[in-house]
Structure formats: structure tokens, C-alpha cells
There are 2 protein chains.
Amino acid sequence: MEKNIELFKKISLFKGMEENEIIQLINCLGAIKKKYSKNTQIFESGIKNIHVGILISGEVHIVEEDVYGNQNIFFRLHQGDIFGEVFTLINIINSATIPVAITECEVLLIDKNSILTPCNKICSSHIKLIENLLYNVANKAFDLHSKVLILSKRTTRDKLLTFLSCKSRESGDQLFSISFNRQQLADFLCVDRSALSVELSKLKKEGILDYHKNTFRINTDIIDNASIRC
Amino acid sequence: MEKNIELFKKISLFKGMEENEIIQLINCLGAIKKKYSKNTQIFESGIKNIHVGILISGEVHIVEEDVYGNQNIFFRLHQGDIFGEVFTLINIINSATIPVAITECEVLLIDKNSILTPCNKICSSHIKLIENLLYNVANKAFDLHSKVLILSKRTTRDKLLTFLSCKSRESGDQLFSISFNRQQLADFLCVDRSALSVELSKLKKEGILDYHKNTFRINTDIIDNASIRC
DNA sequence: GAAAGTATGTTGGTTTTACAACGAAAGGAG
DNA sequence: CTCCTTTCGTTGTAAAACCAACATACTTTC
């Protein structure tokens, strides 16, 4: 586990902690590491989950599939991201929203109760941990808020431009890449893939946008400065 | 302020605390009470907000208006609800999402820093307070997650049925009332009001739904048990 | 109780989306 | 290189949503 210490130091949950403090905490929390192969669910659906997950390597999507087979992608998680904490904290059991491994990946699993029940030994770290968890959940709420802002747009074009503006602002450049392919982007925006392609083509014709595969260049005066994050 | 103590005892932020503990905490936090008249903004937009708000009386909508004038209603807040905490916690400054007083209302304002900076006197209450804030933010994240689930539906019908199913499950009865009027419901579902009315009429004709004003009766075998909350 | 204002339902025209199907391009495996 | 799979753009059609305008019902005000 110690070989991951450089990663752990960057994780929001351990922010403001010293190296030895983190190692002690990881042991104290009884964290376990688990591997998942491509296209497998990380928490079993229908079973009450008591773990908070931290993504160590690989890519994970938080998805929900509706009755028509449409996949709704909530988030794409990257190294160091925390997941499962919201549902676990408030004891939501039968959610159909689940983390799916998009590539082979490694995950650190921490029992929720060991986070919330203060242990005698390292109480000061524990308070920091809970505060860090608070900031983490607040950030997740903000990400969900951003997603609502995108989905609240009435047209595919507006959804798309809101998303791309955000990505451009995030990268600080008109030229930027996204980690979704077309189908995944459509699933993230909750629109039809072919309709998305049509809209992309139109925007290209109109000179508002240029793109090749997953690399985009967006016209600067289209970018709006709404405070969102995708 | 003490006359509101019965309300404060019910507020999630003060859960698990004794009456005198709460009174002490309110004073220690330097909370102030403020009145807002109908249709006024509670936090000024564009100005960095450092307050967490608690709704004491009246009704508040969290809204965002887009460039076309469409109002997007995120939430309807009721007595005891907490707001502004997510943006304040993570220092989002120029959000266009703002709390608006729908009726005349009273609000308790608490400086974020007095919550996060532990005071010497009542440290045990303070830890409880931060834990309660954590649960509160997790619940807000879940509410936003629920809203994403509604907006991810492709048709007005599916958005509407998801919302009404949720409300019916919440009330534990096929017969239930909602606090939105038609325009507000349309704004919450992010659809056109007249299209919403058309869809409601269709559902009534098909025998799936019956309604009069804000009271609805929904066919039991339509109600799905998705874990969401609206 | 009349008048004014507000909320809801209805209709028709226009725009947008979903859906299915197809073909071209890109990528991988043998 | 060839075959196979995946990804992406395109097209046409049917369904759905938006929008504006209007009619009716309900509320509020004086």
C-alpha cells in the first residue's frame, strides 16, 4: 500500500496531512485495495454499500441505465477521485446509479463507519478527515449542480455549447481535448448520438466550432463564463 | 431569537443537540435574522457570499435564469431548510443560481467561517455541527442527483411521471398535492408550460393520471420505486 | 358583484429530436 | 494485407417540443 503514498498525498480526503499521518490513517481506517476488470460494476447493485471508494488507477463512469436502455453518464472519474460517499453517508440502498470500470482499475475501499466513528489514537487527523470529506461532498454537489445546468438547456446545441465552453475554460485554451467518445458524450448530455453528430457538423459549418476526433477548438466569443465544472 | 428554539431543534444542522446547547451555539456563531419581502433575491448576485442561510419562515426557490428568460427552478425550500452552504463552502463566487423569496420570509444567516473555525468554548458541539453539515450537504447532493435523473429523461412525459411517482412515494399515497403551480412545475422540469399542460391532459385521457389544480392521483402500477427525492 | 388580473388548457405552425439504417473511416487481430 | 469490429457522420421519417396566441376558469380587488 505504501507505494501509493505519492498518490494519497494528492487525494482531497487526505489534504493537509503529513505522509506518516496518512499511512497511519490508512491502516487505522482498515482500507483495502481491490482490482476490477473492464466493464464490471464496482459496487453490486441492490446490495447496501458501506464503502467509500477512491480510484487509484484506471477510469470509472458513474452511470444509470433507464428502461429504454439509454445510459446516463453522471461523471467520469479519474485517478484520486472519491465515489460512493454520498449514497453511503445517507444510507441510500437501492439506487440504480452505479460505478462501472471503463478500463481495468484499482480501487481503495474504506468502510464508512471507520471514517465517521472517531478512533482514540489519532483524533486530530480524524477531524481533518471529516472536514475534508465535507469539502469533497460539497464539490460533488457542485458538479451535480453543473450537470443540472447543462441538462436544463432545452436544445442539444445549447447543452453541447455549455459543456464545451466549460471544458475550454477549464483548460484555459480554445483548443482542448475531452475524454469522452461521441456515444459517451451523448450519454453525458442525455441526447441521441446521431443528433449530437448532426449538431457538431452544423456548428463546424457555421464556423463556431472546429474539431477532429476528441480535440475541439471553440470560438472565443462563444465561451460563456458560467461557474460550472464538468 | 429564543422564540424560534422549537424550530431550531428540528433543523438538521442542530440534530442531536440539547436546547441549551443550541442556544449557546446560535450566539457563538453570531447568527443574525433577516427579513426579505416577496420576489427579492436573498444573496446579491455577483458578490461573494460568506453566509449559510436557514429558512425560518416563508418559501424560497433556488433559481437560475438563462439567456432566453427561461427560469430553471432547482429546489423549493421549506421551513428549516439550509441553503447557500455548497457555494459558500467551496468559494464559488459568480454563480447565477440564486435564492429568491417566493413569499415574504425570515432567514437566519450564519457566517461560514464561524462554523468551520472551531471555537474554544463548545468544541464538542462544533464537531457535531460539522458532522451535521456533512450529512446536510450529502443530502443536497442526493437531491441534485434526483434532479439529474428527472432531467435525463428524454420526453416531457417521462420527466413528469418520474417527478409525480416520486411525490406519490414520498407522501405514501396515490393521492397527493404538490407545491408548484403549472409554470413552476414546468420550470422545475425544464420544459414548456403549454407542452406540460398538453401532456397532463393526455395522461388524464389515458387514465394514467387524474388531477385537479395541484392535487394529483396517479395509477399505482405506474409508480416506480427509483430512489430519488424531489 | 363587476372588473382586472392570474392560472390553466387548447390549438396550429414551426423547429428540434429521436430513431433506424447505412456507409465511410479508423483501429486491431490474425 | 485482409477481415472484423468500432466509431463517426449522414440521411429521411416520425414523434415530440417549443412558441405564440387565444379561450376559459379561477382570484383578487375595489
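Every chain is numbered from 1, with letters handed out A, B, ... down the list of sequences.
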Atom [atom1] of [X] and atom [atom2] of [N]: how far apart are they, to the nearest Å?
{"X": "B/Lys205", "N": "C/dT10", "atom1": "NZ", "atom2": "P", "value": "6 Å"}
{"X": "B/Asp210", "N": "C/dG9", "atom1": "CG", "atom2": "P", "value": "12 Å"}
{"X": "B/Arg157", "N": "C/dA18", "atom1": "CZ", "atom2": "C1'", "value": "16 Å"}
{"X": "B/Leu200", "N": "C/dG9", "atom1": "CG", "atom2": "P", "value": "6 Å"}
{"X": "A/Lys153", "N": "C/dT16", "atom1": "NZ", "atom2": "P", "value": "16 Å"}
{"X": "A/Arg193", "N": "C/dG23", "atom1": "CZ", "atom2": "P", "value": "15 Å"}
{"X": "B/Arg154", "N": "C/dT16", "atom1": "CZ", "atom2": "C1'", "value": "14 Å"}
{"X": "A/Glu199", "N": "C/dA18", "atom1": "CD", "atom2": "P", "value": "11 Å"}

Closest nucleotide among C/dG9, C/dT16, C/dA18 to the A/Thr155 side chain: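 Of the candidates, C/dT16 comes closest.
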Considering only side-chain heavy atoms of B/Lys213, which listed nucleotide, C/dT10, C/dG27, D/dC26, is closest?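 The listed nucleotide nearest to B/Lys213's side chain is D/dC26.
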Describe the nucleic acid contact of [X] in one word from base, sugar-phosphate, nothing, applying a heavy-atom distance below 4.0 Å.
{"X": "A/Val198", "answer": "base"}
{"X": "A/Asn181", "answer": "sugar-phosphate"}
{"X": "B/Tyr211", "answer": "sugar-phosphate"}

Between B/Asp173 and B/Ser171, a side-chain donor and acceptor under 3.5 Å: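 Distance-only check fails for B/Asp173 and B/Ser171.
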Does any part of the side chain of B/His78, heavy atoms only, come nearer than 4.5 Å to the side chain of B/Val60, both counted from C-beta?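 With C-beta onward as the side chain, the pair stays apart.
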If you define the side chain from C-beta out and look only at heavy atoms, does anything of A/Phe74 sit under 4.5 Å from B/Leu149?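 Yes. Closest side-chain heavy atoms under 4.5 Å.
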Point-to-point distance, once rounded to the nearest 0.5 Å, from NZ of B/Lys48 to CG of B/Asn94: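 Rounded to the nearest 0.5 Å, the NZ-CG separation comes out at 12.0 Å.
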